[in-house]
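One structure below.
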Amino acid sequence: QVQLVESGGGLVQAGGSLRLSCAASAGTFTISAIGWYRQAPGKQRELVAATSNGGSTKYADSVKGRFTISGDNAKNTVYLQMNSLKPEDTAVYYCNAGIFSDGIYYAYNYWGQGTQVTVSS
């Protein structure tokens, strides 16, 4: 049973920073990669960043240079450090368990409950 729990969302002014956490537990299932997605009102859910156990990472163009994904294997936790936040980053952010293949992140149907990030202008 895969469980993903996000935390760290909140309200921040434009230009500010937040760090999201995704605590993962998987029982006998091995999680090889974690992705952060976001969904803004009226928009489709989109991949923001992903990382694999092997160190592969992937970022959406809109967050490159501002967001950093990292993992702490000892804590089974993946972080999303978000700097220079913009109002357009406002969304519910979701953690997902998936897999990397040929540089592409594929999401399994394992999702956290989401955490709200609101960036005020």
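Every heavy atom of this structure was used, including side-chain atoms; hydrogens, water molecules and symmetry mates were not.
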Under 3.5 Å, which donor-acceptor pairs link side chains of residues 67-77 to any protein atom two or more places apart or in another chain?
residue : atom : partner : partner atom : Å
D72     : OD1  : A74     : N            : 3.1
D72     : OD1  : K75     : N            : 3.3
T77     : OG1  : K75     : O            : 2.8

- Query: Linking Ile, Leu, Val, Met, Phe, Trp and Tyr through side-chain heavy atoms less than 4.5 Å apart, which residues share a cluster with L11?
  - Reply: none
- Item | Closest non-hydrogen atom pair between G9 and V117, with its separation | CA-CG2, 4.2 Å
- Task: Apply side chain to side chain contact (heavy atoms under 4.5 Å, CB included) to the pair C95 and W111, showing each step before the final yes or no.
- Result: CA-CA 6 Å; C95 182; W111 297 91; over 6 Å; no
- L4 to C22 - nearest heavy-atom pair and separation: CD2-SG, 4.0 Å
- Interatomic spacing from CG in L20 to CE in M82 - rounded to 0.5 Å: 3.5 Å
- Message: Is it the case that over 12 heavy atoms from other parts of the model lie below 6.0 angstrom from the CD atom of Q1?
- Response: no
- Task: Report the distance from atom OG of S52 to atom CD1 of I34, rounding to the nearest 0.5 Å.
- Result: 11.0 Å
- Query: Do R38 and Y93 meet the criterion of a side-chain donor-acceptor pair at a distance under 3.5 Å?
  - Reply: yes
- Message: Quick one, V119 and Q13 - any side-chain contact, counting heavy atoms below 4.5 Å?
- Response: no
- Decide yes or no for Q81 and S17: does some side-chain heavy atom of the first lie under 4.5 Å from some side-chain heavy atom of the second? yes
- Does any non-hydrogen side-chain atom of E6 lie less than 4.5 Å from one of Q113? yes
- Note on the structure: Here the side-chain hydrogen bond (donor to acceptor under 3.5 Å, both in side chains) pairs for residues 98-108, sequence neighbours left out, are N96-Y105
- Item | NZ/NE/NH1/NH2 to OD/OE distance under 4.0 Å, K86 and D89 | no
- Query: Does some side-chain heavy atom of V12 sit less than 4.5 Å from a side-chain heavy atom of T118?
  - Reply: no
- Would you tell me whether S32 and N53 have side-chain atoms, one donor and one acceptor, within less than 3.5 Å of each other? no
